[in-house]
Each structure stands twice: as structure tokens, then as C-alpha cells.
Amino acid sequence: MPRWYRRHKRDLPWRRTLDPYAIWVSEIMLQQTRVETVIPYYERWMRAFPTVEALARAPLSRLQKLWEGLGYYTRARNLHRAARQLASKHPRCLLVESGESKERSFLRFTGWMELPGVGRYTAGAIASIAFDERAAIVDGNVARVFARVFNIRDSVKSPATQRRLWTLAESLLPLRGCGEFNQAVMELGALVCLPSNPQCAACPLRWACKAPGDALPNRGPKQQIQRVTEDVMLARRGGKVLLRRRPATGLLAGMWELPPLDGRRGRLVLTLRCAITNRRITLRVWRCAVRGTPSGCHWMSPGRLIMPAAHRQALA
DNA sequence: AAACCGTGGAA
DNA sequence: TTTCCAAGGTT
């Protein structure tokens, strides 16, 4: 596996460093998010906040602006909280080993687990990749690879199967090079052991695989998707747009959006589709002429505000 | 334990 | 077109 990995691994920005801060940032961004989506966000982020200290000093609103469009926005808030926690409680754990060889203390797996937004997978990924700690990981890729190689047909959502996957991951861990091993399994899932049309002929594990190419893992019963149509109004006045702020908790917490069309007349200028977990939304945007300021709304310059992707698109 | 939390790309 | 789902975590 490590041999296959060294030969085929993609050249990704966060693979060019062993800086635990950089790896941490990349892991948070990559949660439930595709590599190609993350890359530009990651590069902008690292340019803006090269170190934990820089991140801890920055105002939350600045991180949120850089995060706009990435989704799962509590990740940005957690990253900020964790950075401040880290900078105060573990001031030396994220030093990069340099030519001067500064003293670098060691934040272990359990230390990472205490940070908001860092769970078992992320803590294991950082510990193994940045510190070569002997920590296992199970993500979507690992689950798929293991499900096929070991022919695991029970739902991967069940606690029993989860335990089995984690136990497997731990038992397969080498004594050294765990970071490389973990990434190798994930990379195999990303490049070869694909969800559909897996490239079994090119797989280094085909000799051992018990269920090559099967439609695994079994994800259990699929969730119901509900369709919704939302009508919103686009009202411009000078450089400003009529916007409404969402509640501070829940879906798209605290973000600014186009206000709902409340029974006035307008011209349909745009319809776009967006999906939020189990909801599929058709967003219809109506251009309206608005005199005063409807209750709960504000005339805002949208540039610096943080908006949901679909609403941001509607302004363009 | 099951539900919630975004987005965009691919099949 | 619709469906699936990607380097998950929190409540």
C-alpha cells in the first residue's frame, strides 16, 4: 500500500507540509467536502492566516468571510474557538520544525480530541500525519475500501459495524508510517476503489479483496428528500440590497439572505436550485421595487456580509 | 440514536 | 432530471 501510495498520490497543497496547523486546517475543510472544492479555500486561508497565532488574533467575521460558500459554517466558528484555545493552552504544540530546531511539544491524539470540531477521525488524521502517532482513522473512503476488501455487508451506520471498522483500522496500522498508511487507504478510495465504476484492475489490493467492485458499503435506508420552493425578493437601492439576517442558531446561522417575497409584485429574474441536506430547494428570485424598509430587513452593501451560496449567486 | 448541518460535481 | 455523496462532528 505505501508503495502504491508513493507512486500514485496526488500532489495536494496540504501534502507539501508537515505543519500540524496546516494539516488541521485542511482536515476541517475536507470534512464532507471534496478535495477540488477545498483547494482554493485552503490556499486563501493559509495566505490570510499562516499560523495558529494569526488565526487566533483574527476577528471571527474575517474567517467567516473566507469560509463563505464552503458550507457547514460551524466549522469556521469551531476553528476560531479552537485556535484561541490552542494558542493559550498549548502555545508550543504547533511549532514547525525548522532549521533552528525550536522546541516543539507534542499534542497527542487525546489533546486534539478536546478541540471543538475535532472528532475521532480528525484527531487521528492530524496525530498520524503531522506527528506520526499510531492512530487509526475511518472516513468514507476507508469504510468503502474495508467494506469491499473484507466483504462487510451490514449497514455502515450501525454502531456494531462502526466498531468493526475502527477495530480493523487499528489492527492494520503499521508500527511506523501511520500517517502515510492512513492516507494511502483514503487515496485508494479516492482514486481506485470508487463508489461507482471502481478500477479493480488497477488496485494493489485486488489479490486480497473479498468483494471487488461490489456496491458497498451498505449505507442503510436512504433519507427522504423534501422539495421546497422559496420566493425571495431582490430589491436594489444605489449600491445596497434589501437583506434579512437569519437567526443566530440553526441553519445558516447568522447569515444574510434575500428576504422572502411577501405578497408584493415583482418580475421573476432568476431561479436556481440548491440542496440543504435532506431538502431540495428551488429558489425563485423576484426583482421588486421597494419603497421603505420592510420590518426585519435592512439595506446593506452585500460585499462584506456573509451569505449562503445560493443567495450570493443571486446577486451576481 | 437519530437528526441536523451546505455545497457542488458526477452518474 | 434526480439521486448520490465527499478526508465528519455535534446534539
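Convention: sequence-line order gives letters A, B, ...; per-chain numbering from 1.
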* Let me know the distance between CD of A/Gln199 and C1' of B/dA10, rounded to the nearest Å. => 14 Å

* Between atom CD in A/Gln223 and atom C1' in B/dG6, what is the gap in whole Å? -> 14 Å

* **Whole angstrom value for the distance that separates P of B/dG8 from CD1 of A/Ile276** => 11 Å

* To do: Please identify each residue that fulfils ring pair (Phe, Tyr, Trp, His ring centres under 6.0 Å) with A/Phe109, with sequence neighbours left out.
  => none

* To do: Ignoring the backbone of A/Arg219, work out which of B/dC5, C/dG9, C/dC5 is nearest its side chain.
  => C/dC5

* Under 4.0 angstrom, heavy atoms only, what part of the nucleic acid is A/Lys222 near: base, sugar-phosphate, or nothing? -> sugar-phosphate

* Can you tell me if A/Gln31 and A/Thr122 form a side-chain donor-acceptor pair at under 3.5 Å? -> yes

* **Proximal nucleotide (of B/dT7, C/dC4, C/dG9) relative to the A/Pro308 side chain** => B/dT7

* Asked: What integer number of Å spans the P atoms of B/dG6 and C/dT11?
  -> 14 Å

* To do: For residues A/Arg244 and A/Cys297, report the shortest heavy-atom separation together with the two atoms involved.
  => CB-SG, 4.4 Å

* Asked: Expressed in angstrom and rounded to an integer, what is the separation of A/Arg312 atom CZ from B/dT7 atom C1'?
  -> 15 Å

* Nearest-nucleotide pick for A/Pro195, side chain only, options being C/dG9, C/dA6, B/dC5 -> C/dA6

* **Row check, A/Trp256 ring normal vs A/Arg246 NZ/CZ: under 6.0 Å, within 45°** => no

* For residues A/Trp45 and A/Tyr41, establish whether the separation of their ring centroids is below 6.0 Å. => no

* Donor + acceptor pair across side chains of A/Trp299, A/Thr293 (<3.5 Å) -> yes

* Structure fact -> Among C/dT3, C/dA6, B/dG6, the one nearest any side-chain atom of A/Arg280 is C/dT3

* Those residues of residues 28-45 of chain A lying under 4.0 Å from DNA chain C by at least one heavy atom -> A/Leu30, A/Gln31, A/Gln32, A/Arg34

* Please tell me which of the listed nucleotides, B/dC5, B/dG8, C/dA6, lies nearest to the side chain of A/Tyr72? => B/dC5

* May I have the distance from A/Leu251 (atom CG) to B/dG6 (atom P), rounded to whole angstrom? => 5 Å

* Structure fact -> Which of B/dA11, C/dG8, C/dT2 is nearest the side chain of A/Arg227? It is C/dT2

* A/Arg245/A/Glu257 ion pair, N-O < 4.0 Å -> no

